[in-house]
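For reference, the structure discussed in these notes is given below.
Just the heavy atoms: all of them, side chains too, but no hydrogens, waters or symmetry mates, feed the values below.
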Amino acid sequence: MCDDETLERQLSRRDFSRFAAAAIAMLPIACAGRSGKPTAKVVGSRVDVRTGDGVADCYFAHPSSGRYPGILMWPDFMSLRPTYELLANRLVEAGYAVLVINQYYRDERSPFLEKADFDNKEVLTKIRTFSARLNAATSATDAKACAEFLDAHASVDPARKIGTFGFCMGGALALKSAAAVPQRYGAFGSFHGGLVSESADSAHLLIPQLRARALIAIAADDDAKDPNAKTQLRAAFSAAKLPAEIEVYEGTKHGWCTPDMEARYHPEQAQRAWGRLLTLFAQAL
């Protein structure tokens, strides 16, 4: 979960557009093991996905022709907003069909903000209330509905496994998703996600239910606060006999992979983590 530390400075909407677009353009496209990016253009739009709990508003992007592995992306605490649409488009360029869900659709449609804003106390209070209602059961509901949406779309190859990954709290939601529908989700990724806690609902307790390869990219300041978390994760994946790349990224702060978190975004390490994610998807999907 994101902490409440105030960002060092905020971006205007215009500055965000310039900064985020430039930052995301730096992310690698092609990955080891794939034939390269599709020649088709990116097609992206807002879509509604019906779940057992209502209608989830999402952003869906895919190449304009061909069939590709599907990906379910989970945003951070601030949910679906422009930076995640840009990231989804970048992943499409690498050869995937990407669905980004608003995890708070049960309470309010997105976007709540144009960019991350931890100074907005009214929004923070509202989102904390929303996030408190999410658990393994809601993640399972969403994971099943999103997998069905992806499998039914003409741009997705249903014979290929689906991947899922998330940022911040989205990392835990991605793990819970992969555990809920293990026969479909073949890869799981977490960028600065809180996967280990003392709660009975801690995401790491679901690792035995996975059938997915994993990439867990840990922020250095998160590791400093809980240095035992990576050890618990490594032990859990080892016991489950599942391959997992678990690494603390030196010099990073929580939020370092999300371009609109400008004060925390670490371009070099974000590029490296993104490249490792692409390699994971190439190997597992």
Under the side chain to side chain donor-acceptor pair (under 3.5 Å) test, residues paired with Lys144 that sit two or more places apart: none
Could you tell me whether Asp48 and Arg109 make a salt bridge, using a distance below 4.0 angstrom between a side-chain N and a carboxylate O? yes
Pro75 versus Met78: any side-chain heavy-atom pair under 4.5 Å? no
Between Ser155 and Ala97 (side chain of the first, backbone of the second, donor and acceptor by atom type, cut-off under 3.5 Å), is there such a pair? no
Nearest 0.5 Å please: distance from the CD1 atom of Ile127 over to the CE atom of Met169. 9.5 Å
Using the side chain to side chain contact (heavy atoms under 4.5 Å, CB included) rule, take Cys146 and Leu99 through it: C-alpha gap first, then chi angles, then the decisive distance, then the call. CA-CA 8 Å; Cys146 290; Leu99 184 67; 3.7 Å; yes
Could you tell me whether Glu85 and Arg46 have a side-chain N and a carboxylate O separated by less than 4.0 Å? yes
Same cluster (ILVMFWY, side-chain, under 4.5 Å), Met261 and Leu124: yes
For Arg211, enumerate each residue passing the side chain to side chain contact (heavy atoms under 4.5 Å, CB included) test, keeping only those at least two apart in sequence or located in another chain. Pro182, Gln183
May I ask you to decide if the ring planes of Phe191 and Trp274 are parallel, tilted or perpendicular, using 30° and 60° as cut-offs? tilted
Working to the nearest 0.5 angstrom, can you tell me the gap between Phe281 CZ and Arg160 CZ? 12.5 Å
Rounded to the nearest 0.5 Å, the OH atom of Tyr59 sits from the OG atom of Ser45 at a distance of 7.5 Å
Using the salt bridge (charged side-chain N to carboxylate O under 4.0 Å, His left out) rule, collect all pairs that involve residues 185-210, keeping only residues at least two apart or in two chains. Lys176-Asp201
Linking I/L/V/M/F/W/Y whenever any side-chain heavy atoms sit under 4.5 Å apart, do Leu91 and Val42 land together? yes
Walk me through it: do Arg272 and Glu247 pass the test salt bridge (charged side-chain N to carboxylate O under 4.0 Å, His left out)? CA-CA 12 Å; Arg272 191 164 70 86; Glu247 181 181 352; 2.8 Å; yes
Membership question, hydrophobic clusters at under 4.5 Å side-chain separation (ILVMFWY): are Leu134 and Val123 in the same one? yes
Got a sec, which residues hit side chain to side chain donor-acceptor pair (under 3.5 Å) with Ser202, two or more places apart in sequence or on another chain? His204
Are the side chain of Gln269 and the backbone N or O of Thr252 linked by a donor-acceptor pair below 3.5 Å? no
Donor-acceptor pair, distance only, cut-off 3.5 Å: does the side chain of Tyr105 make one with the backbone of Ser110? no
First locate atom CD of Gln283, then atom CG of Leu215, and finally report the distance between them rounded to the nearest 0.5 Å. 10.5 Å
Shared hydrophobic cluster, Leu173 / Phe130 (ILVMFWY, side-chain heavy atoms < 4.5 Å): yes
With sequence neighbours left out, which residue pairs that include part of residues 232-245 fulfil the salt bridge (charged side-chain N to carboxylate O under 4.0 Å, His left out) condition? Glu245-Arg276
Not counting sequence neighbours, list each pair that qualifies as a salt bridge (charged side-chain N to carboxylate O under 4.0 Å, His left out) and has a residue in residues 95-108. Asp53-Arg106, Arg106-Asp142, Asp107-Arg133, Glu108-Lys126
Short question: side chain of Thr141, backbone of Ala137 - any donor-acceptor pair under 3.5 Å? yes
Please give the remaining members of the hydrophobic cluster of Trp256, linking ILVMFWY side chains under 4.5 Å, ordered by chain and number. Tyr249
Donor-acceptor contact below 3.5 Å, side chain Glu93 vs main chain Ala88: no
For Arg90 and Leu86, what are the C-alpha separation, side-chain angles and deciding distance, and is it a side chain to side chain contact (heavy atoms under 4.5 Å, CB included)? CA-CA 6 Å; Arg90 194 61 172 173; Leu86 292 171; over 6 Å; no
Show which residues join Leu195 in its hydrophobic cluster (side-chain heavy-atom contacts under 4.5 Å, direct or indirect), or state none. Leu175, Phe188, Val196, Leu206, Ile207, Leu210, Ile216, Ile218, Leu233, Phe237, Leu242, Ile246, Val248
Given Lys253 and Tyr265, is the side chain to side chain contact (heavy atoms under 4.5 Å, CB included) satisfied, shown in steps? CA-CA 8 Å; Lys253 298 178 181 180; Tyr265 184 66; over 6 Å; no
Determine yes or no for a side-chain-to-main-chain donor-acceptor pair under 3.5 angstrom, with Asp221 supplying the side chain and His254 the backbone. yes
Go through the steps for Phe167 and Cys257 under the test side chain to side chain contact (heavy atoms under 4.5 Å, CB included), then give the verdict. CA-CA 8 Å; Phe167 301 74; Cys257 285; 4.0 Å; yes
Residue of the set Asp260, Thr258, Asn102 for which side chain to side chain donor-acceptor pair (under 3.5 Å) holds with Arg81: Asp260
If you round to the nearest 0.5 Å, how far is CE of Met73 from CG of Leu87? 5.5 Å
All side chain to side chain donor-acceptor pair (under 3.5 Å) counterparts of Ser177, not counting sequence neighbours: Trp74
Can you list every pair that meets ring-ring contact (aromatic ring centres under 6.0 Å, His included) and has a residue in residues 132-154, with sequence neighbours left out? Phe60-Phe149, Phe60-His153, His62-His153
What residues form a side chain to side chain donor-acceptor pair (under 3.5 Å) with Tyr185, not counting sequence neighbours? none
Short side-chain to backbone donor-acceptor contact, Thr51 and Ala145, under 3.5 Å: no
Determine whether Thr164 and Ile71 make a side-chain contact, defined as any pair of heavy atoms from C-beta on separated by less than 4.5 Å. no
Going by chain and number, the hydrophobic cluster around Leu205 (ILVMFWY, side chain to side chain under 4.5 Å) further includes none
Calculate, to the nearest 0.5 Å, the distance between atoms CG and CG belonging to Leu285 and Leu280 respectively. 7.0 Å
